[in-house]
Amino acid sequence: MEFTVALDGPFSLEHTLESGQLFRWERRGEWWYGVAGSSALKVRQEGDVLRCWSSSDMAGSNFLTRYFRLDEDLNHVLAAISKDRVITSAVQRFYGMRLARQDPWECLASFVLATNANIPRIRTMIATICERYGGPFEFEGEPFHGFPSAGTLAAASVVDLRRCGLGYRAPFLKRVATSVAGGRVDFAKVQSLGYEGARKELLSELFGEKLLLGVGPKVADCVLLFSCDKDEAFPIDVWIARALAKSYPKMLGPKSRLIGDGKLRLSLRDYDRISGAARRHFGKYAGYAQQYLYMAAREQELS
DNA sequence: TAGCAGGAAAATC
DNA sequence: GATTTTCCTGCT
């Protein structure tokens, strides 16, 4: 099915898809191919219009508007986070990058796999479990695969998951899948709560009780930010830690030199303190600031 | 709380 | 080729 989406505000498809929040989109010439929900899609941006093809009627204009959060006022967000020269420069460089609204289960599983891996590797691991466990469907005569359900991965053996190249992440993925399949993670509730409450709900299967193993503070913040509308979540990964050490040493306090020297090891207390300081500095859209800083940090490394 | 292991692929030397 | 690094978390 072919359709278009008229853009009603700034949007850069390229910056959004290359920002490291989504792992299932691939550039082929002018088009971006991806899978979202249970549809394959190809999208290209022509100025203020998105030209799209999808494998099913489920993924149309309304779906993409919701997926890329195109109905939200990005300029308002960017104005709110532009508190200093560093972030303002990053915003100008990657203007139009939006945070997408992913499926929470897919997002959770993806970032459990993302620990201690680089982006090409993360993409490979996800592609492999999708090919192996995700329902196939055809698009332009080619097989595409949906993201496997929690139940499917919960039923898989750790040995088989390991064979997908997941390494030590295999048992973590299975445990998380089991929790989700068992209904112990209530994403609707997480989405309805405020940031702090949502974080507690996600990090503990039952309030204050057993921890959701394999999900630490960073992964939890990624899930809250990329799939649960918690725009104040400020995930701190190695890139953000380095960016903060370089440009915002006061947020890190005395630990900043250690991180600058490449010896990153944030305790839970330090993580919460630094993340909180970033939230206070950037405000209620701190998560957008985090993503722009992340892109700027990675680009600097590449050059 | 500090130290370490974890597995495999990518990046770097 | 060997070594280092990699969008981290769990265990001791």
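Each chain gets a letter, A, B and so on, in the order its sequence line appears, and its residues count up from 1.
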What integer number of Å spans the C1' atoms of dT6(C) and dA2(B)?
-> 22 Å
Within residues 80-102 of chain A, the residues having a heavy atom closer than 4.0 Å to DNA chain C are none
Test of ring centre spacing under 6.0 Å for Tyr133(A) and His145(A) = no
Any chance the rings of Phe139(A) and Phe144(A) have centres within less than 6.0 Å?
-> yes
Looking at Glu232(A) and Lys230(A), does any basic side-chain N land under 4.0 Å from a carboxylate oxygen?
-> no
Indicate yes or no: does Glu72(A) engage Arg101(A) in a salt bridge with an N to O separation below 4.0 Å.
-> yes
Result for side-chain hydrogen bond (donor to acceptor under 3.5 Å, both in side chains) between Tyr33(A) and one of Arg27(A), Glu140(A), Arg24(A) points to Glu140(A)
What residue pairs, at least two apart or across chains, pass side chain to side chain donor-acceptor pair (under 3.5 Å) with a residue in residues 110-132 of chain A?
-> Thr115(A)-Tyr168(A)
Stacked cation flag Arg242(A) on Trp239(A), 6.0 angstrom / 45 deg | yes
Considering only NZ, NE, NH1 and NH2 on the basic side and carboxylate oxygens on the acidic side, decide whether Asp221(A) and Lys218(A) come within less than 4.0 Å.
-> no
Strictly below 4.0 Å, heavy-atom distances to any atom of DNA chain C: list the hits from residues 146-166 of chain A, or just say none.
-> none
Can you get from Leu166(A) to Leu213(A) by hopping between Ile, Leu, Val, Met, Phe, Trp and Tyr side chains that sit under 4.5 Å apart?
-> no
In a check of side-chain contact (heavy atoms from CB on, under 4.5 Å) between Leu7(A) and each of Leu13(A), Leu70(A), Val49(A), which one passes?
-> Leu70(A)
At under 4.0 Å between heavy atoms, what does Ser110(A) touch on the DNA or RNA strands: base, sugar-phosphate, or nothing?
-> nothing
Scan Gln291(A) against the nucleic acid and name what it touches under 4.0 Å (heavy atoms): base, sugar-phosphate only, or nothing.
-> nothing
Centroid-to-centroid, Phe226(A) to Phe111(A), below 6.0 Å?
-> yes
Determine, for Asp231(A) against Arg69(A), whether the closest basic-nitrogen to carboxylate-oxygen distance falls under 4.0 angstrom.
-> yes
Charged N to carboxylate O under 4.0 angstrom, Arg44(A) versus Glu46(A)?
-> yes
For nucleotides 10-12 of chain C, give me every protein contact, N/O to N/O, under 3.5 Å, one pair per line with atom names.
{"residue": "dG10(C)", "atom": "OP1", "partner": "Gly214(A)", "partner atom": "N", "Å": "2.4"}

Going by heavy atoms closer than 4.0 Å, what residues in residues 116-132 of chain A are next to DNA chain B?
-> Asn116(A), Asn118(A), Pro120(A), Arg121(A)
So the stems of DNA chain C, runs of at least three Watson-Crick or G-U pairs (under 3.5 Å), are B:2-6 with C:8-12, B:8-13 with C:1-6
